[in-house]
Every structure is written in C-alpha cells, then in structure tokens.
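Worksheet: the structure to be examined is printed underneath.
Since we're looking at a predicted model, the values are computed, not measured. Protein chains get the first letters and strands the later ones, always in sequence-line order, with residue 1 at the start of each.
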Protein chains: 12
Amino acid sequence: MYGEDRTYKKVEVIGVSKKGIEAAIQTAVSKAHKTLDKLSWFEVGDIRGHVGDDGMVTEYQVVLKVAFQLKE
Amino acid sequence: MYGEDRTYKKVEVIGVSKKGIEAAIQTAVSKAHKTLDKLSWFEVGDIRGHVGDDGMVTEYQVVLKVAFQLKE
Amino acid sequence: MYGEDRTYKKVEVIGVSKKGIEAAIQTAVSKAHKTLDKLSWFEVGDIRGHVGDDGMVTEYQVVLKVAFQLKE
Amino acid sequence: MYGEDRTYKKVEVIGVSKKGIEAAIQTAVSKAHKTLDKLSWFEVGDIRGHVGDDGMVTEYQVVLKVAFQLKE
Amino acid sequence: MYGEDRTYKKVEVIGVSKKGIEAAIQTAVSKAHKTLDKLSWFEVGDIRGHVGDDGMVTEYQVVLKVAFQLKE
Amino acid sequence: MYGEDRTYKKVEVIGVSKKGIEAAIQTAVSKAHKTLDKLSWFEVGDIRGHVGDDGMVTEYQVVLKVAFQLKE
Amino acid sequence: MYGEDRTYKKVEVIGVSKKGIEAAIQTAVSKAHKTLDKLSWFEVGDIRGHVGDDGMVTEYQVVLKVAFQLKE
Amino acid sequence: MYGEDRTYKKVEVIGVSKKGIEAAIQTAVSKAHKTLDKLSWFEVGDIRGHVGDDGMVTEYQVVLKVAFQLKE
Amino acid sequence: MYGEDRTYKKVEVIGVSKKGIEAAIQTAVSKAHKTLDKLSWFEVGDIRGHVGDDGMVTEYQVVLKVAFQLKE
Amino acid sequence: MYGEDRTYKKVEVIGVSKKGIEAAIQTAVSKAHKTLDKLSWFEVGDIRGHVGDDGMVTEYQVVLKVAFQLKE
Amino acid sequence: MYGEDRTYKKVEVIGVSKKGIEAAIQTAVSKAHKTLDKLSWFEVGDIRGHVGDDGMVTEYQVVLKVAFQLKE
Amino acid sequence: MYGEDRTYKKVEVIGVSKKGIEAAIQTAVSKAHKTLDKLSWFEVGDIRGHVGDDGMVTEYQVVLKVAFQLKE
C-alpha cells in the first residue's frame, strides 16, 4: 500500500483504569475503536493518575492519540 | 468516580474575542459546549492576537483544548 | 472581521503522497476539506516517510493540523 | 547586589480562582508568600480551567513557579 | 492578498504593566508599533511577574513576538 | 469545591522499583504521601532504568510530580 | 576562520509563496538579504499555509531564522 | 569511579512486544546488549502501539535510548 | 508481523542537496541505506540551509532520523 | 543498591556567581547541600546572566535541579 | 522601578570564542552592547562548537538572547 | 563545498570530567574522534553532574551530539 495517496486522522483521548498503564491505554483504544472509527495505531502522550486518601494510586490516566485512515 | 474505567476526548479549538484572554476562552468553551459536547475542562495552548492600524490589540485568539467524557 | 467573537476548530491529519511534501500536504488538505469542513489554514507538524527495498523514498507522510471556523 | 554569590529556590504551585487568570496567580502567590517564604517573582506555566454544566468557566487553574532567595 | 510573495519579520519584546496580562501585551504592542513598524499580529511566549514585599503581584511581564510585513 | 480559591503545590520525585513502571510510581507516591503531604494526583515525567551485566532491566526509575492542596 | 572571536545575529522572518516550501524560503531569504544584511544561513521553524475555498493550498508560509555575521 | 574522565555513548532503539511496555523495553535492551554493547542504563522516549481489527492493542512499541561506556 | 518481538535502531543523519528538501532527504536516505543498513522509514528533524553571496539558497541541509530493524 | 525500592526528590534552585557557570553551579549546590539535604546529583536547566553598564557580564545565573534520596 | 509600564526587546546572537563558553558569551554580549544597544541581561540557548582535524575543540559557539529596554 | 550532495552522521555521547564543562566536552570529543570518526562539530544537550558527600561537584557530565561526514 506504500506509495498510494491516503489520509489519516488523529484524535486525542484519555483512557482511565485502576489496573495500570496498559489497561488505561486499552480502555481508550477500545472506546475510540467503537465510538470514532476502526483504529490503526496509538501514541502515548502524558501519563497521570489519582491518589487516594491512603496514598495508593487509585487510577491511571493516559493521554493518547489514536489514528485511523479516512475512507476514500 | 475515581477508579472506574472511562474515556475522555480532547478537541482543539481557538476562541476569539476583543475583550481579553478570559473572554476568548469563554467564547470557545461556550461554542464547543453547544456544538461538540458537554465539556469538563480546558487547557490553554497558544495565546495570539491581531493588531489594528492604530497599534491597538483588536482581538485575542486563544488556542485551547477542551475535554469531555465519552458516554458509555 | 477582526474583533468579532468566533471559534475555530483544529483537526490533526496525516497526508501521504509519493510525489513530495507539498503533495502530501495537498492530499490531506483536500480530503479534510471534503470530509470534515471547509478549511481556512494548515500547520505542518512532523514530516516522515517510508523507504523501499532499493533505498528510495516511496512516500512522504506529513502530519498537519487543519483549521476551520465553527459556524454560528 | 549583582555580582554577589547567592541562591534562589523555585517552587511549583497551582493557583485557583473563578475570577480570572490574574486572580488565580495572586491566589497562589499570596498563599506561597505566607506558607513558604517571601517571594521575589513568578513564572506562569500551564493555564487550565473547569467548565460547569452550563458551559461557563467556573474556575481558572494557573500552574506557576514562584521564586525566593535562600537566606545566608 | 493570499498567494502573493511577501515577507514578514518577527521581533521579540517584553511588555510590562501592573494592571494585568492584557495591559502588558498592549504596552509592548504600542511601543513596538511606534518604534519598530506597523504591526499585524502578536504571539505570547512566557508570562512572568514581580512580587512585592507584601506578597502582591506588582507587575506582569509578558514576553511576546510581534510581526509586521517587510515593505516591497 | 470548584470555584473556590485554593492553592496546590507540586513536588518532583523519582520512584524506583525493580517490578515495573507502576510499582516505581507507587513507591514514590507512597513515600511522598508519608513524608511530604497527603497527595491528590501525580504526573509522570521521564521513565528511565538501570541494566545489569546480564542485559536485564534491574530497576525502573520514574520521575514524577506529585501534587497536594496547601491547607487554609 | 575557525577560532577567531566573532558574533552572528539571527532574525526571524516568514516567507510566503504559492509555489511551495522552497520558494517560500527563497522569498524570505532574498528579502532579508536585501533589507537586513548579507545572510550566511537559515533555519526553518514552522511551516503553515492558507487554503482556498476550493480546498487547494493557495500559499505556503514558512517561518525561518536567517543569520548573518555582525561586522567588526 | 566518580571524578574520572570517561565517555558514554547513547543509541536510540525501538523495542516491540505484545506483552506490555516493560516487555517492549526489555526486548530492546536485550537486543542492544547483545548486538551493540554491554548497556548501563536506558531512557524511554515515545510509547506507541498497533491496534488490531478487533480494537485490541496487538503490540507496544517503545522508543528508548540505551547507554554504555566507551572502553578506554 | 505485528505482535512479534523485534527491535529497530534509529540513526541521525544530515542530507545535503542544492535541489530542495526532498532531494536532501533522498541523499541521506540513499547514503544510510548503503552505509549503515537497509532502512524502513525516516523522520525529518531540522531543516536548514546555506545562503550564497547573491542571496540565493545554495543548499538545503535536512537533519533526519533513519530507522531499520536489527536482525534476529 | 540497584533494584531496591527507594525515592529521590528534586528541587529547583538558581545559583549566582560572577566567576562563571561552574562557580554558579557550585554556589547553588553548596547552599542546597547545607539548607535542604545531602545532594546526589544536579541537572542544569537555563543559563542566564546580568550585563553591566560597561557591557561586561557581571554575573552568571544558572537554574538547576538538585536531587537527593528521601530517607527510609 | 517595578510597576511602571515599560518594554524590552530581545535579540538573538551567536558569540564565538576558542577560549570557552563564558568567553563566547562575553564576545556576543560586548558586540551587541556596542552595535545594538545597552544590554540588561542575556539568556543562553544552544551551545555548539567546531572540532579541528586533531580532535580538539577549536571554538565554542553560544547562541544567546540579549535584552535591553526600549527607550521612552 | 556548499552545494554538493553529501551526508553527515550525528552520534550522541556523554563526556565526563571533574575539571568543568569544557573539559567534559573535550573528553567526549577526543574519545569520539578516535573511536568513531573524524568529527566536524558538536552540539551540547544536557549538562549534569555528581555531588560528593562534602557538597562539592565531583564531576560534570555533558551530553552532546558529535557530527562527521560520511565518506563517499
């Protein structure tokens, strides 16, 4: 397919999960895959998280860009 | 709500107002709130503006990202 | 028009063409103009490309943001 | 005083106010001035904010670094 | 005018005002407009400021780039 | 609580753990929670690590900022 | 000449051309060469452009820094 | 050893694994350790990944720099 | 091939050509393809150039990273 | 010690000296070592300075981060 | 003087010296002080240099911004 | 030589010396000049260092890129 004119779109999403960074990525990728379009790849931006009153990380928040090809 | 899987989307907009930076932010936030979705927060990127022939700032242009939760 | 409240939206796309960087930009701009909205300007982000087995650049991939005014 | 050996410390704080960006800066500067030490200057980092259910900005959150000289 | 060859120059200035960020921008824009050339637009870089002994912000210092077209 | 004046402080720490990135984050968050103050959130900066003589990653070092509200 | 004390100055300009990126660079370089001083080199910053109503790129705008030696 | 003149080299690699971010790091570190030289540490750059047709992350791609001392 | 463990290496090169940016990229890609290894893709970093005494761009210098898979 | 859980803290300071950059670094490192905690390493951020009426650099101001291990 | 409206200008220069980084800074500061205007401060950007055929650094090239107040 | 097609390679190294920043640069440049290839220029990245138990800087670590032309 290399060499053919085509266009991709990138959308910025934030996935949240208490299980870890990969789980937060998968949360956002799954949601975007269903809601926006069939995705091809993702790129992680910021990684953040919330801390509970007991000092434990209660969730990971991963900002990522997901990309998909715009249909002809 | 912390700890539950969820996904947010961020959209980049530019608000313009002659009144000032906060007014330019509110212009974009109001528009995005109506047009795109119910917003949760915003993050300011670049701040720019136009200068008139008399050397007065005629408008402020604020690039910002607005974020909202993708519905389940 | 300077001085009037208004809002623009920026969308991130990737244009691909084997002909060169300007052609890759035009590919993405044309597609976004048809698919998303009538564009006003673009801003180039990253420039990348694919290399074939013979060491020739087979395509240019230009990441750019395209902008358009949100209608009143 | 220029030319004399001395040391400053910078601390990162976030000021929050519903009134605007300058008010959010003053909130953080006042608090840091009392809590940490007598400040000399500040540098604005990120500007963010929260949006209410009615699409109005309910508060500005300004990340800034405040600086003060370490006493001899 | 779009499509015609032309050249702009950008100059970096710092505007200072005790009244706020927009006032500091206007101070620098007015000065550059008179001293350098008739400006077209500005882009804000850093925002800093000085803190008085009483913990009040005594002035805002806004680093900005101002732009004007080089005459034919 | 949105809309009320308040101030947060951010502190930069580095958590180290051989178990992985999340464990390194939790190490730093737990320590800062006890030593500095009750934390609200964290933001990951750099991720680094050490490699043993056998080519295995012996520990992950995660630079992060932790944030907490300054008490009234 | 390496090893001799000397000083260069860098000036930021924006070249505009409908023909492409290299033409936009040459436009700014030619203008600065005549208007400012005899240039030695240039460094490209941002690449932007305008889109016409038909979705065609009507001009490329290249922000670049041009450098020249300050005469002894 | 601190205080002795020495030189390190950094090499940029991309590790790929379907198992997660730490596994992708270990893949690249192991390969570089064998192919290039005995490594001392690594620094993570970008984190990216591929998404399959079912919306599941099929692999993590971690860009990292690995460092080793140049022998005397 | 997605999902299989593998490692890529990135090398930074600068291609120079008087013909334009794409030609400078191809110069570096061809050279690296022969000298270093069979390349898969490239990523453009800085774009610079030299200006002759007549104010014409005499060459384009494109800093790019080229990437190739490390063999099993 | 590699492989054991531990936490470091980084603090941002500015060292000032008329003697040069290394002297400004040592000024800040010595002060932080006494005032804050026993330091392990430092990382230079910005380098700035003041210029006297005669055009001579009257002092160097080096922004740096100093790091130390938080005690168990 | 804090609190009074005023404007500064920043100019980007490159100082070159074989003696070291501070000497390269002083070269540019002295030149700009005479050629452009009476300077107040400087900020170091990039530090580069040339290497002779014998592997010795033959000169340091320091890119810096110098600042001065625009007269009333 | 300007205008002729050619290719340079950049390699990232870290020079360490207790004597100062210029000495650390020279350490890395000398080593790379012997080990890798005959260098043309260098570009400083990060400047770091180690602090001894007495609060004295025991060594400077300078991350730099060194560049050399790939032979025809």
Side-chain angles (χ1 to χ4, degrees), chain G residues 1-52 55-72, chain K residues 1 4-72:
Chain G
M1 198 178 71
Y2 287 119
E4 287 176 37
D5 282 12
R6 59 202 190 279
T7 304
Y8 297 86
K9 188 178 169 184
K10 288 210 263 187
V11 172
E12 194 168 17
V13 291
I14 305 172
V16 182
S17 169
K18 66 180 167 199
K19 289 185 207 130
I21 293 167
E22 284 87 347
I25 293 170
Q26 185 60 65
T27 297
V29 164
S30 296
K31 186 75 185 174
H33 196 79
K34 272 186 295 186
T35 318
L36 302 170
D37 219 312
K38 209 186 100 182
L39 306 181
S40 292
W41 79 89
F42 69 88
E43 307 162 8
V44 172
D46 294 322
I47 300 174
R48 305 164 55 105
H50 185 259
V51 181
M56 299 305 289
V57 174
T58 51
E59 67 178 37
Y60 296 88
Q61 304 152 348
V62 180
V63 183
L64 62 167
K65 291 191 178 175
V66 294
F68 52 90
Q69 190 173 346
L70 288 174
K71 292 185 197 69
E72 297 314 300
Chain K
M1 196 178 71
E4 287 176 37
D5 283 12
R6 59 201 190 281
T7 304
Y8 296 85
K9 187 178 170 186
K10 288 209 264 185
V11 172
E12 194 168 18
V13 291
I14 305 173
V16 182
S17 170
K18 67 180 165 197
K19 289 187 207 128
I21 294 168
E22 283 88 345
I25 292 171
Q26 185 61 64
T27 297
V29 164
S30 295
K31 187 73 185 176
H33 195 79
K34 273 186 292 184
T35 318
L36 303 171
D37 219 311
K38 209 185 100 181
L39 306 181
S40 292
W41 78 89
F42 68 88
E43 308 163 7
V44 171
D46 295 321
I47 299 172
R48 306 165 54 106
H50 184 259
V51 181
D53 286 349
D54 55 353
M56 299 305 288
V57 174
T58 52
E59 66 178 38
Y60 296 87
Q61 304 151 349
V62 181
V63 183
L64 63 167
K65 291 191 178 174
V66 294
F68 51 90
Q69 189 174 346
L70 289 174
K71 291 183 196 71
E72 296 316 299

Checklist entry - What residues of residues 40-49 of chain K sit under 4.5 Å from chain G when you count only heavy atoms? => result none
Checklist entry - Roughly how far, to the nearest 0.5 Å, is CD of G:Glu4 from OG of K:Ser17? => result 11.5 Å
Checklist entry - What part of G:Lys65 gets closer than 4.5 Å to chain K, counting heavy atoms only: side chain, backbone, both or neither? => result side chain
Checklist outcome for this item: Under a 4.5 Å heavy-atom criterion, the part of residues 8-15 of chain G in contact with chain K comprises G:Tyr8, G:Lys9, G:Lys10
Next on the checklist: At a 4.5 Å cut-off on heavy atoms, which part of K:Val57 comes close to chain G: side chain, backbone, both, or neither?
Outcome noted: neither
Checklist outcome for this item: When every non-hydrogen atom of K:Gln61 is compared with those of G:Tyr2, the smallest separation belongs to NE2-CE2, 4.4 Å
Item to check | Options K:Lys19, K:Glu59, K:Lys34, ranked by heavy-atom pairs under 4.5 Å with chain G, top entry | outcome: K:Glu59
Item to check | Neighbour count >12 (heavy atoms, 6.0 Å) for atom CG, K:Asp53 | outcome: no
Item to check | Rounded distance (nearest 0.5 Å) linking atom NZ of K:Lys31 with atom CG of G:Asp5 | outcome: 11.0 Å
